[in-house]
K.L.:
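Questions regarding the structure given below will be posed in turn.
Atoms within a ligand are numbered from 1 in the order they appear, just like the ligands themselves.
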Amino acid sequence: MLKTNSTGSLQCRLPIILAVAGLISLTFMFLWTSPQNFCLPQQLSFKPNSGGHHVVNNNSLDEAVVDKPILLLWVYPENYRFDLNICKTVYNIDGCHLTDNRSLYSNTDAVLLFHKAIRLHTLPPSPRPPFQKWIWMNVESPTNTWKTPGIENLFNLTLSYREDSDIPVRSRLTSRKIPDENFEIPKKEKLICWVVSNNADRTGVGTRNNYYKELSKHVYVHVYGKAYGTFLDYKDYFPTIASCKFYLSFENSIHKDYITEKFNGPLAVGTVPVVLGPPRKNYEKFVPGDSFIHVDDFPDAKSLAEYLQRLDKDDEAYRRYFNWRRHFSTRPHLILKNQEFVLAICTACDYVGRHKEYKVAHDIYKWYFN
Ligand SMILES: *[C@@H]1O[C@H](CO)[C@@H](O)[C@H](O)[C@H]1NC(C)=O
Ligand SMILES: *[C@@H]1O[C@H](CO)[C@@H](O)[C@H](O)[C@H]1NC(C)=O
Ligand SMILES: *[C@@H]1O[C@H](CO)[C@@H](O)[C@H](O)[C@H]1NC(C)=O
């Protein structure tokens with residue numbers, strides 16, 4: 001056995017040896033005939049510890065970086081800066097080279113443009129490289145989106161909370177193969193809580209404010225957040241939500257698919273969301289129907305209040321709202337102010353790493369506002 005093997009491998013190696021010998025002699029001929037090029041390898045051979053520009057010799061790590069599509073963050077949304085390695089460290093997304101360095105523009109595969117910051121005079125230079133795609137990024141609902149004239153037909157890809165975007169963004173449940181039998185409902189100290197930071201009428205919050213007013217006539221709601229003068233520190237956000245049996249996941253405006261982190265928070269920490277937003281069927285596209293309570297399940301706020309009070313006394317019935325956890329898991333979203341857009345940006349990175357297709361997004365406003 002051993003013997004045949006070694007002869008076999010010698011036979012295999014022979015042509016390689018010949019080829020290498022041939023290459024070496026060709027190289028010599030090449031170097032003799034082109035003296036200028038002779039300097040090139042010398043420039044590239046570098047001394048160890050000479051400033052870390054390990055660009056050429058190291059063909060494992062750096063070629064991988066070069067091969068990855070480049071995603072250029074044209075501006076930081078709302079100027080919130082963060083460590084660009086976060087897609088890898090937090091979401092294990094590593095399909096693109098995410099950068100904020102505009103010098104890489106002419107070599108950039110995709111440019112991420114934040115809608116609120118787009119002005120015609122701040123757009124990237126034209127003509128854009130033919131392989132380059134521009135991504136329209138907007139995480140607000142139509143109620144809170146203002147039209148910037150002249151940009152309707154500039155983009156290749158749309159990114160938003162809408163499922164019919166090219167790049168839809170949301171925290172999603174993931175299935176688990178081995179059921180989790182160990183979930184314990186966190187210790188509860190309060191019945192209903194609500195964290196609300198924005199109360200500006202123009203943002204469409206009238207509906208949820210009216211519902212809250214009506215509900216609080218019948219049952220006490222613990223309210224936190226800027227809008228009500230009790231600011232909740234970031235480190236207290238999830239523990240506070242977890243300490244409540246129910247949490248009001250009231251969206252600021254009502255649009256299809258507009259289901260935000262206000263819903264993900266309670267789901268992630270073990271609290272039952274009471275939702276006000278698009279119809280129940282829309283929520284059920286993303287989570288099991290027995291994981292939340294919808295205000296539309298009740299004729300009015302009074303009967304919702306009564307139902308929540310009944311569940312407060314019926315542990316068995318309350319516990320059923322967590323059955324889905326055996327088979328699905330969710331994770332808390334990032335809550336620091338400067339992390340608000342990280343999930344969206346990393347989702348774009350993931351997309352860019354997987355897709356190279358030609359694509360044009362015609363008339364984004366017609367799509368977005370209809
Ligand atoms: C490539 O670079 C990395 C990090 O700089 C280093 O750990 C690795 O050993 C290098 N590989 C080669 C083949 O030089
Ligand atoms: C941006 O990229 C250019 C070109 O690769 C490079 O010379 C420059 O140092 C980079 N700037 C930063 C801040 O990394
Ligand atoms: C991107 O869209 C523009 C029109 O908005 C189009 O001219 C260009 O060819 C598209 N590029 C790619 C790579 O899809």
K.L.:
Is it true that Lys356 and Asp109 have a side-chain N and a carboxylate O under 4.0 angstrom from each other?
P.N.:
no

K.L.:
Please report the C-alpha distance between Cys96 and Cys87 in whole Å, then the side-chain angles of each, then the deciding distance to 0.1 Å, and finally whether the disulfide bond (SG atoms under 2.5 Å apart) criterion is met.
P.N.:
CA-CA 10 Å; Cys96 84; Cys87 298; over 6 Å; no

K.L.:
Return a table of donor-acceptor pairs under 3.5 angstrom between the side chains of residues 291-301 and protein atoms on other chains or two or more places apart.
P.N.:
| residue | atom | partner | partner atom | Å |
| --- | --- | --- | --- | --- |
| Ser291 | OG | Pro288 | O | 2.7 |
| His294 | ND1 | Asp296 | N | 2.9 |
| His294 | NE2 | Pro278 | O | 2.8 |
| Asp297 | OD1 | Arg280 | NE | 3.1 |
| Asp297 | OD2 | Arg280 | NE | 3.4 |
| Asp297 | OD2 | Arg280 | NH2 | 2.8 |
| Asp297 | OD2 | His294 | N | 3.1 |
| Asp300 | OD1 | Lys302 | N | 3.4 |
| Asp300 | OD1 | Ser303 | N | 2.9 |
| Asp300 | OD1 | Ser303 | OG | 2.5 |

K.L.:
Collect the protein residues that have a non-hydrogen atom under 4.0 Å from ligand 3 and hand them over in chain and number order.
P.N.:
Arg128, Pro130, Phe131, Gln132, Lys133, Asn153, Leu154, Phe155, Asn156, Tyr358, Lys359, Val360

K.L.:
Enumerate the residue pairs fulfilling salt bridge (Lys or Arg N to Asp or Glu O under 4.0 Å) with a member in residues 327-350, sequence neighbours excluded, ordered by first and then second residue.
P.N.:
Asp350-Arg354

K.L.:
According to the salt bridge (Lys or Arg N to Asp or Glu O under 4.0 Å) rule, which pairs have a member within residues 117-131, sequence neighbours left out?
P.N.:
none

K.L.:
Could you check, using the six-membered ring where one of them is a Trp, whether Tyr76 and Phe341 have ring centers closer than 6.0 angstrom?
P.N.:
no

